[in-house]
Amino acid sequence: MADRRSAFLQVYYKLKSELLEDPSFEFTDVSRQWVDRMLDYNVPGGKLNRGLSVIDSYRLLKEGKELTENEIFLASALGWCIEWLQAYFLVLDDIMDNSHTRRGHPCWFRVPQVGLIAVNDGILLRNHICRILKNHFREKPYYVDLLDLFNEVEFQTASGQMIDLITTLEGEKDLSKYSLSQHRRIVQYKTAYYSFYLPVACALVMSGENLDNHIDVKNILVDMGIYFQVQDDYLDCFGDPETIGKIGTDIEDFKCSWLVVKALEICNEEQKKVLHENYGKLDPVNVANVKALYNELNLKGVFEEYESKSYEKLITAIDVHPSKAVQSVLKSFLAKIYKREK
């Protein structure tokens, strides 16, 4: 795993050095140092699961054939394009949410002398994806398909972010706007397309596949992304902070979490009143009241039932896919997330 990650990081440094010598812009020492530091701060610091998944998926699609060095490099470059996309989203998302930390460090816009220059840095991160694709895929027959894919997924993600932001506008804490269907729409567009569908779609395109022939694969991966987010919402409340690496704040933040929409669906009028009075408040007493209600409603049991039904549904959908290679890609994704604890 460490070797795999370090080999992947070597590709990052190569791509970064190309971007810092991009002939379309005349860099000064100061501007080159800024971009260099900005990239190192925002792009490679996460778990890199999305990027590494492109290589894993491509390898499985090749059904055991030895990959050439060039194939590994190209799959890695596409993986890094997804990590660049993620960095772009997070830099801007942190400004919109007025967040303080990201991956254990101050958000980029909170770093001294950065401030709202981070908005332009986000735009640069997005543009770097096009530069990487142009540098390494322009001569490929699937170049336009890759551009289309990244444009479409970016549009879907930005639209999902918009639904999330306008569902509860600042100062309008209204639980009646929250529902399971609204939660699903937010997750589908904001997270599932870029986190689950995009890595597999990149591998399929690189394998010469037409994505129009793989709508079923997209649907399965979107369902998987929704299941993943429901797990995230569950772990935010019931997970062990030592294991998940953070203390959940969905209740305090008035998030449209799966737990709260499920609670609203099954609680009686009196319990609903408790939710309305306590949800979205910072006082630990209010948070404890919400958690006590979740326990009263047995949301742990409700989640366990949801998890097992989701798993069965996903496995059934994967098993009917005609390609064994595609089946193995989808099953490897599912194995990574089923019953996870962090």
Side-chain angles (χ1 to χ4, degrees), residues 1 3-5 7-12 14-15 18 48-86 128-157 192-225 228 314-315 317-337:
M1 180 65 198
D3 287 354
R4 183 167 154 264
R5 190 186 166 93
F8 188 52
L9 279 165
Q10 288 311 307
V11 176
Y12 163 75
K14 176 172 170 44
L15 297 173
E18 289 171 357
L48 308 182
N49 289 341
R50 293 169 183 82
L52 288 164
S53 293
V54 179
I55 310 160
D56 296 344
S57 300
Y58 185 71
R59 211 181 283 281
L60 288 166
L61 289 171
K62 297 308 266 186
E63 298 185 273
K65 287 185 195 140
E66 192 68 34
L67 301 189
T68 65
E69 256 184 60
N70 189 46
E71 282 178 309
I72 293 168
F73 175 80
L74 291 176
S76 300
L78 288 180
W80 278 112
C81 285
I82 300 175
E83 294 296 335
W84 247 270
L85 188 69
Q86 157 94 334
H128 284 166
I129 297 165
C130 303
R131 313 306 293 168
I132 294 167
L133 293 175
K134 184 181 176 185
N135 286 342
H136 297 284
F137 296 91
R138 197 177 181 186
E139 305 306 319
K140 301 289 180 192
Y142 52 80
Y143 175 54
V144 173
D145 295 329
L146 284 176
L147 291 173
D148 267 356
L149 174 63
F150 275 90
N151 286 338
E152 180 152 318
V153 169
E154 183 197 359
F155 169 67
Q156 289 166 321
T157 309
Y193 283 113
Y194 94 91
S195 296
F196 282 79
Y197 173 60
L198 185 56
V200 175
C202 282
L204 284 167
V205 168
M206 205 179 133
S207 303
E209 293 287 331
N210 181 338
L211 292 178
D212 291 340
N213 300 332
H214 291 284
I215 303 300
D216 51 348
V217 172
K218 181 193 282 190
N219 293 337
I220 289 167
L221 286 160
V222 165
D223 281 345
M224 223 181 275
F228 178 85
L314 287 164
I315 285 290
I318 293 167
D319 281 341
V320 297
H321 195 281
S323 160
K324 290 289 179 200
V326 171
Q327 278 188 28
S328 60
V329 169
L330 296 171
K331 282 182 177 172
S332 80
F333 255 76
L334 187 53
K336 286 174 194 167
I337 62 170

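Numbers here are sequence positions counted from 1. If you're wondering where the values come from, they're calculated on a predicted model, not measured in any experiment.
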Could you walk me through whether E18 and I132 pass side chain to side chain contact (heavy atoms under 4.5 Å, CB included), step by step?
CA-CA 9 Å; E18 289 171 357; I132 294 167; 6.0 Å; no
Working for side chain to side chain contact (heavy atoms under 4.5 Å, CB included), residues Y193 and L198:
CA-CA 6 Å; Y193 283 113; L198 185 56; over 6 Å; no
Between H136 and F73, is the side chain to side chain contact (heavy atoms under 4.5 Å, CB included) condition met? List the steps.
CA-CA 10 Å; H136 297 284; F73 175 80; 3.4 Å; yes
Take V205 and F137 through the side chain to side chain contact (heavy atoms under 4.5 Å, CB included) test and state the conclusion after the steps.
CA-CA 12 Å; V205 168; F137 296 91; over 6 Å; no
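Contact detail for L15 and A77: the closest heavy-atom pair is CD1-CA, 4.1 Å. Between L334 and M224, the closest heavy-atom pair is N-SD, 3.8 Å. In this structure, K62 and E71 approach most closely via the heavy-atom pair CE-OE2, 3.6 Å. Closest approach of C81 to F150, counting heavy atoms only: CB-CZ, 3.5 Å. Counting all heavy atoms, side chain and backbone alike, V11 lies closest to S76 at CG2-CB, 3.7 Å. Here the closest non-hydrogen pair linking S53 and S57 is O-OG, 2.7 Å.
The backbone N or O of H321 sits less than 3.5 Å from a side-chain atom of Q327, completing a donor-acceptor pair. A donor-acceptor pair is defined here as one N or O able to donate and one able to accept, closer than 3.5 Å; no such pair exists between the side chain of S195 and the backbone of A192.
Rounding to the nearest 0.5 Å places NZ of K218 at 4.5 Å from OH of Y197. From H214, atom NE2 reaches atom CD1 of I220 across 11.5 Å, with rounding to the nearest 0.5 Å. The line from OG of S332 to CG of L60 is 5.0 Å long, rounded to the nearest 0.5 Å. Separating the CG atom in D145 from the NZ atom in K140 is a distance of 13.5 Å, to the nearest 0.5 Å. The line from CG of N135 to NE2 of H128 is 11.0 Å long, rounded to the nearest 0.5 Å.
Taking a 6.0 Å sphere around CD of E209, one finds it holds more than 12 heavy atoms contributed by other residues, nucleotides or ligands.
Tested against L78, the residues V54, I55, L149 include a single side chain to side chain contact (heavy atoms under 4.5 Å, CB included) partner, V54.
Between K336 and D56 a salt bridge is recorded (basic side-chain N to carboxylate O distance below 4.0 Å). Between K331 and D319 a salt bridge is recorded (basic side-chain N to carboxylate O distance below 4.0 Å).
A ring-centre distance under 6.0 Å is found for W84 and Y12.
Counting heavy atoms from C-beta outward, W80 and L48 have side chains that approach closer than 4.5 Å.
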